[in-house]
Amino acid sequence: MVPTSEEQRVNTGPATHEVTNQAPPLAPYDASDDTALLEGLRREGAGWAEEELRRLGRQAGSVQAQEWAELANRHEPELRTHDRYGNRVDEVEFHPSWHHLMRTAIAEGLAASPWADDRPGAHVARSAGGLVWGHTEAGHGCPTSMTYAAVPALRRQPELAKVYEPLLTSREYEPGLRVPSEKRGLLAGMGMTEKQGGSDVRTNTTTATPTAEPGVYTLRGHKWFTSAPMCDVFLVLAQAPGGLSCFLVPRVLPDGTRNTFRIQRLKDKLGNRSNASCEPEFDGTVAWLVGPEGQGVKTIIEMVNCTRLDCVMMSAALMRKSLVEAGHHVRHRSAFGARLVDQPAMRNVLADLALESEAATTLTLRLAGAADRAIRGDAGESAFRRIATAVGKYWVTKRGPAFTAEALECLGGNGYVEDSGMPRHYREAPLLSIWEGSGNVNALDVLRALSREPGTAEALFAELALARGADARLDAAVTRLKNRLPEASQTTARRLVEQTALTLQASLLVRHAPPAVADAFCATRLGGDWGYAFGTLPEAADLGTIVERALPGGD
């Protein structure tokens, strides 16, 4: 039966699925459009990298790069233990988007290339690049970070460094297992922890047996958490006759045969899904000694400094990305007759998040500057780096989960669905507090540095003294911190490190941020005029200035 005109009118009446009051897609956007980031880049000696950083920021915020991030996490890596003929291969296959992300990161110098760059600020430029490229996805930051950190450890064995360092510092990404010396670029991983000990690596049971060839050993044991198993070489801790030692383990031996690296399983992780983490088994695995026997922990200390800095950087990048997402949403979403960004309650939340993000970014770049100058021989910066990196690792990574949860809530129900990308950020955030030593490990490391390494406390207070007299609340916090040091203990370690971190962040903001930012931070984080959740800034805080500074393109 043909419908009448009236029936047609009824059936094609007002649309039931007209989309209104929804934010448009964020991408494309410029991930480097961050005033605190650019100011810090120049201040810490890497202003020469600004043009490249801005280009990378536009690429990170592009539709294509954001799609790579989403696809790399949707299509997770797959373990292939055997080939079709039954031969053991122990390979992990990744989606093409993972390789696109990796290729860009390596080409842009986000792995080990700063070690081959003589320009002052090269390591700062790398950290700034990580803050920007971190707007894509976090998983591929693991192999780039380990590759970066492997170089200073490998230098403990100059003959090995001579062979491998030029390939580790290369900007060429060449996936696939082949003889390392035949590739244009290499990636490095780490195999430190075991199931019985975790961070207590001195309890490792993997054994290293010397062979007739000097410096060459065979390993036997089982590692518990080894990420990025498709890297070309690994730094591994094992018990040699002289004690816990560090070894270089290639996946493919110089003669082209596969080294024994049996992947038992891939970890089913909360987040970081794009990155494969595994349990490898060593059985007659060939390894080369790095550093003297019995000095494995000492050999990897410099490596830990590097990866802990990256934990701070990645957490700060995650905060910034979540803030940008939240800010974009509230600018375009309206409720109760006004845009969310203009609602005082939401504006308070956004400003509070902006303070936390700027403090994290500013501290990250200060730590990167200290690392750059320490690597170039500055003893004072080396002492400051030693304590401040552990402090930053503890505090900034601890703030990440609460931060991402609040940013997600700014989107309401829209933020709770996977399409928004916010759940991925939320699942990622806790990892950075766990990786390279959880909270207690880093807090105790701060105590160890203060008690056993002369100059660390002096370097810290010398840094804080640069802001003396600029804010009474900061001066009082420095005094409290000095008074707390003599009574520091394991029981109070977290309180001490928290106070140190907030005081350090406040001192940096007082010196370098606008008065509105510094005053609000000191009033809340040091002065106690703050609640127990984000969005509890005092009435006097200049919310508009803080938000306008933080959001890309201004408010």
Side-chain angles (χ1 to χ4, degrees), residues 26-27 31 60-61 65-77 94-95 97-98 100-102 104-105 110 127 129-146 225-228 266-278 307-326 328-329 353 356-357 360-361 364 392-411 414-439 442 534:
L26 172 61
Q66 293 298 309
E67 183 180 18
W68 288 344
E70 195 276 327
L71 289 174
N73 282 274
R74 185 194 307 172
H75 302 284
E76 297 179 12
F94 293 86
H95 189 268
S97 291
W98 166 271
H100 292 318
L101 292 165
M102 285 293 300
T104 302
L110 304 187
S127 290
L131 287 167
V132 166
W133 190 242
H135 282 237
T136 56
E137 73 91 43
H140 77 294
C142 181
T144 58
S145 179
M146 293 189 295
F225 219 108
T226 298
S227 287
L266 298 185
K267 297 288 193 179
D268 188 6
K269 299 173 293 184
L270 169 68
N272 204 249
R273 307 287 295 191
S274 69
N275 175 43
S277 300
C278 76
T307 50
R308 284 182 176 173
L309 171 59
D310 279 3
C311 287
V312 182
M313 176 265 287
M314 292 175 189
S315 194
L318 192 59
M319 288 184 187
R320 178 64 187 174
K321 169 64 170 175
S322 301
L323 174 63
V324 169
E325 293 277 6
H328 177 75
H329 178 84
L353 292 173
E356 195 75 28
S357 176
T361 296
T364 296
K393 164 64 170 76
Y394 173 88
W395 181 243
V396 175
T397 62
K398 281 275 183 228
R399 300 299 289 157
F403 187 105
T404 52
E406 194 69 58
L408 183 155
E409 189 175 318
C410 290
L411 278 67
N414 289 328
Y416 202 69
V417 297
E418 292 292 339
D419 286 351
S420 72
M422 297 298 279
R424 172 158 55 89
H425 305 330
Y426 183 62
R427 290 191 297 269
E428 186 71 28
L431 168 65
L432 297 165
S433 181
I434 296 169
W435 187 34
E436 287 305 344
S438 57
N442 277 270
F534 286 107

Residues two or more places apart in sequence or in another chain: which of them pass ring-ring contact (aromatic ring centres under 6.0 Å, His included) with Phe94?
-> Trp98
Residues passing the side-chain hydrogen bond (donor to acceptor under 3.5 Å, both in side chains) test with Arg424, sequence neighbours excluded, are none
Of all residues at least two apart in sequence or in a different chain, which pass the side-chain hydrogen bond (donor to acceptor under 3.5 Å, both in side chains) check with Asn272?
-> Lys269, Asn275, Glu428
How many angstroms lie between CZ in Phe403 and OG in Ser315, if you round to the nearest 0.5 Å?
-> 9.5 Å
Sub-4.5 Å side-chain heavy-atom contact between Ser322 and Met422 = yes
Selection residues 130-140 - residue pairs positive for salt bridge (Lys or Arg N to Asp or Glu O under 4.0 Å), sequence neighbours left out = none
Pairing residues for Glu406 by the salt bridge (charged side-chain N to carboxylate O under 4.0 Å, His left out) criterion, not counting sequence neighbours | none
Heavy atoms only: give me the nearest Ala317-Gly130 pair and the separation to one decimal.
-> CB-O, 4.0 Å
Taking only Lys NZ, Arg NE, NH1 and NH2, and the carboxylate oxygens of Asp or Glu, determine whether Lys393 and Glu436 approach each other closer than 4.0 Å.
-> no
Can you name the ring-ring contact (aromatic ring centres under 6.0 Å, His included) partners of His135, sequence neighbours left out?
-> Tyr29
For His100, enumerate each residue passing the side-chain hydrogen bond (donor to acceptor under 3.5 Å, both in side chains) test, keeping only those at least two apart in sequence or located in another chain.
-> none
Closest non-hydrogen atom pair between Pro430 and Leu270, with its separation = CG-CD2, 4.2 Å
For Lys321, the salt bridge (charged side-chain N to carboxylate O under 4.0 Å, His left out) test, sequence neighbours excluded, returns Glu325
For the pair Thr361 (side chain) and Ser357 (backbone), establish whether a donor and an acceptor sit closer than 3.5 Å, ignoring hydrogens and angles.
-> yes
Under the side-chain contact (heavy atoms from CB on, under 4.5 Å) rule, what do Met319 and Val396 come out as? Steps first, then yes or no, please.
-> CA-CA 10 Å; Met319 288 184 187; Val396 175; 4.1 Å; yes
Rounded to the nearest 0.5 Å, how far does CH2 of Trp133 lie from CG of Leu101?
-> 6.0 Å
Kindly write out the residues that satisfy side-chain hydrogen bond (donor to acceptor under 3.5 Å, both in side chains) with Arg273, not counting sequence neighbours, or none if the list is empty.
-> Glu76, Asp268
Who passes ring-ring contact (aromatic ring centres under 6.0 Å, His included) against His328, sequence neighbours left out?
-> His332
Spacing of Met314 atom CE and Thr144 atom OG1 [to the nearest 0.5 Å] = 5.5 Å
Start with the C-alpha gap between Ser145 and Trp435, add the side-chain angles, then the distance that decides, and say whether side-chain contact (heavy atoms from CB on, under 4.5 Å) holds.
-> CA-CA 12 Å; Ser145 179; Trp435 187 34; 3.6 Å; yes
Across all chains, not counting sequence neighbours, the salt bridge (charged side-chain N to carboxylate O under 4.0 Å, His left out) partners of Asp419 are none
Check salt bridge (charged side-chain N to carboxylate O under 4.0 Å, His left out) between Glu409 and all other residues, then give those that pass, not counting sequence neighbours.
-> none
Any chance you could measure Leu408, atom CG, to Asn414, atom CG, to the nearest 0.5 Å?
-> 10.0 Å
